[in-house]
**Q** 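Quick one: the structure is below, questions incoming.
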Number of protein chains: 2
Amino acid sequence: MPKDTFFHLSQVKRQLIENVAIEEFADNSLQSASVNAIVNNAGIAKGSFYQYFENLEDLYKHILKLVKDRKLELISTLPLPANNLDTFRYLQRLLQIEIAFELKYPRLSRVERRYNFENPVNSSIDPETGQRLSGDGRFHAFLSQGVLHDDIATWVDTDLAAYVLGVVSQWFSPYLLERMGQDSGKPVEFNLDVSHDPHVQDLLQNLMDILMAGIARDPQIRKDFYSK
Amino acid sequence: MPKDTFFHLSQVKRQLIENVAIEEFADNSLQSASVNAIVNNAGIAKGSFYQYFENLEDLYKHILKLVKDRKLELISTLPLPANNLDTFRYLQRLLQIEIAFELKYPRLSRVERRYNFENPVNSSIDPETGQRLSGDGRFHAFLSQGVLHDDIATWVDTDLAAYVLGVVSQWFSPYLLERMGQDSGKPVEFNLDVSHDPHVQDLLQNLMDILMAGIARDPQIRKDFYSK
DNA sequence: CCTCTATATGACCGAATGGTCATATTATAT
DNA sequence: ATATAATATGACCATTCGGTCATATAGAGG
């Protein structure tokens with residue numbers, strides 16, 4: 001954790017350092033990031049850096065906490081849907097959160113993706129239930145609820161599906177950001193209203209359809225009537 | 001390109017150096033990889049390294065070429081399916097190639113994924129047709145063929161679908177590798193027959209079904225009869 | 001004004017980096 | 001055996017790295 005001194009700093013100075021660090025960690029892993037680069041870009045003395053942080057990893061962990069905090073903060077601002085979300089509205093919301101985060105904090109998103117790349121949690125065995133748990137559990141929860149509500153086909157391998165959904169949710173938002181820029185010919189405003197922009201909703205809906213209905217025109221009509 | 005001297009080396013020595021480099025680039029980006037680490041692990045003198053390569057990037061490009069070559073070589077060994085592949089058998093083959101490559105060269109696969117991460121090609125505009133082209137074009141080709149053969153639903157956004165398929169194909173194989181190891185409790189043999197192993201085929205088929213049919217139990221029956 | 005504490009600074013350190021080069025060793029040809 | 005070319009080597013270099021520390025500056029309380 002950063003030292004007290006860092007938190008005593010004025011907000012502008014603290015945010016300056018944070019933003020410089022975000023830039024560094026967006027383009028570099030912890031291994032290739034450089035303390036010297038950060039102090040130079042932030043315009044502070046090397047000695048100051050070590051008055052604020054134990055070392056580079058200390059700062060890195062702080063930035064990762066920023067990711068977490070800002071995402072939670074952002075979630076709380078997104079319009080809370082009806083109390084009883086139907087299964088796929090819940091999935092849509094999970095994707096929408098990632099999109100909103102990407103649009104508002106593209107560089108922080110990149111830091112997060114880089115972290116996930118360097119520290120992959122493909123899957124692990126839940127010590128209690130003995131069940132496999134891919135990713136952070138959000139999609140397992142979604143799928144469990146879905147199966148319970150009879151919304152998810154029974155033949156779906158839920159762990160595999162959770163993994164695929166995790167991968168897609170992680171990589172869909174940068175695609176969307178770039179595509180929106182190309183489609184409209186102008187850069188995307190960072191504070192775009194994700195929940196209502198028609199272009200975002202169109203693409204998100206198409207992704208939802210692909211996930212829900214698949215891409216085949218005539219898919220063996222619902223896997224032989226949900227057999228197996 | 002590596003210097004002639006490198007290609008004059010005995011096969012064992014050349015492969016030793018290549019393998020050490022693959023290890024290095026599997027765990028490090030070009031920025032964080034170290035010449036010193038490589039020469040130490042390979043047991044060669046620093047001076048020798050620079051008799052073989054211009055610099056680290058020179059070696060890196062050589063390894064990337066190895067990725068390409070070995071993948072092509074592997075494709076040629078995979079049983080060539082019937083001349084007229086139906087749409088989804090073609091997709092299945094594309095996925096199978098990635099799986100086989102992952103199983104045979106897991107570290108090289110990692111090098112490739114790392115490269116793709118550092119040099120993302122989300123999408124670009126084809127200068128000729130003006131069409132968007134996500135990824136390397138393989139999945140665009142697949143989808144075009146699919147639409148032509150009336151196998152892909154008309155409402156699918158093909159560029160989005162191509163991107164999603166690219167992401168999934170890139171990340172499915174490491175998941176499969178890890179899961180197979182966990183499911184069976186023992187490490188996966190590197191020369192496992194991908195095309196026939198039942199466990200691989202089960203999981204691959206489930207992924208295919210998810211992509212083709214979606215995960216919803218009752219998806220608005222084929223998107224309102226393929227409307228739009 | 002003086003005192004004490006918190007913050008800021010950059011010269012400095014040893015270690016590690018990528019890269020060079022004169023020299024030594026080996027292989028090849030005559 | 002001798003000469004020539006190809007390869008191997010590690011000491012060496014300038015630069016950069018993460019990290020330290022004595023000193024300087026600023027602020028707060030009196």
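To find a chain, count down the sequence lines: A is the first, B the second, and so on, and within it residues start at 1.
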**Q** Below the 4.0 Å mark, does C/dA6 have OP1 or OP2 next to a side-chain nitrogen or oxygen of A/H8?
**A** no
**Q** Got a second to check how far A/L203's CG is from A/Q205's CD, nearest 0.5 Å?
**A** 10.5 Å
**Q** Rounded to the nearest angstrom, tell me the gap between atom CG in A/N36 and atom C1' in C/dC13.
**A** 14 Å
**Q** Regarding A/Y52, tell me which of base, sugar-phosphate or nothing describes its non-hydrogen contacts under 4.0 Å with the strands shown.
**A** sugar-phosphate
**Q** Can you pull the salt bridge (Lys or Arg N to Asp or Glu O under 4.0 Å) pairs that have at least one residue in residues 62-75 of chain A, sequence neighbours excluded?
**A** A/K65-A/D69, A/K71-A/E98, A/K71-A/E112
**Q** For B/F172, check ring pair (Phe, Tyr, Trp, His ring centres under 6.0 Å) against everything at least two apart and list the hits.
**A** none
**Q** Reading DNA chain D in the 5' to 3' direction, which nucleotide is the first one with an atom under 4.0 Å from a heavy atom of chain A, and which is the last?
**A** D/dC17 to D/dC21
**Q** Near DNA chain D, counting only heavy atoms under 4.0 Å, which residues of residues 37-50 of chain A show up?
**A** A/K46, A/G47, A/Y50
**Q** Counting the atoms with a prime plus P, OP1 and OP2 as sugar-phosphate, which does B/F53 contact under 4.0 Å by heavy atoms, base, sugar-phosphate, or nothing?
**A** nothing
**Q** Near DNA chain D, under 4.0 Å by heavy atom, which residues of residues 13-33 of chain B?
**A** B/K13
**Q** Going by atom types only, do A/Y50 and A/D58 share a side-chain donor-acceptor pair under 3.5 Å?
**A** no
**Q** Any ion pair linking A/E118 and A/R114 (charged N to carboxylate O, less than 4.0 Å)?
**A** no
**Q** How far does CD1 of A/I38 sit from NZ of A/K46, to the nearest 0.5 angstrom?
**A** 11.5 Å
**Q** Heavy atoms, side chains only, cut-off 4.5 Å: are B/E54 and B/M1 in contact?
**A** no
**Q** Is it true that, when you exclude B/F88 itself, more than 12 heavy atoms of the residues, nucleotides or ligands shown sit nearer than 6.0 Å to its CZ?
**A** yes
**Q** Respond yes when some side-chain nitrogen or oxygen of B/S34 is under 4.0 Å from OP1 or OP2 of C/dT17, and no when none is.
**A** yes
**Q** Between B/N55 and C/dG18, is there a contact of a side-chain N or O with OP1 or OP2 at under 4.0 Å?
**A** no
**Q** To the nearest 0.5 angstrom, please state how far the CD1 atom of A/I63 sits from the CD1 atom of A/I22.
**A** 5.0 Å
**Q** Tell me, please, which residues at least two apart from B/Y90 pass ring pair (Phe, Tyr, Trp, His ring centres under 6.0 Å).
**A** none
**Q** Rounded to whole Å, please give me the gap between CG in B/L9 and P in C/dA27.
**A** 13 Å
**Q** Quickly work out the A/Q51 CD to C/dT5 C1' distance and round it to whole Å.
**A** 12 Å
**Q** Got a second to check how far B/Q96's CD is from B/R89's CZ, nearest 0.5 Å?
**A** 9.0 Å
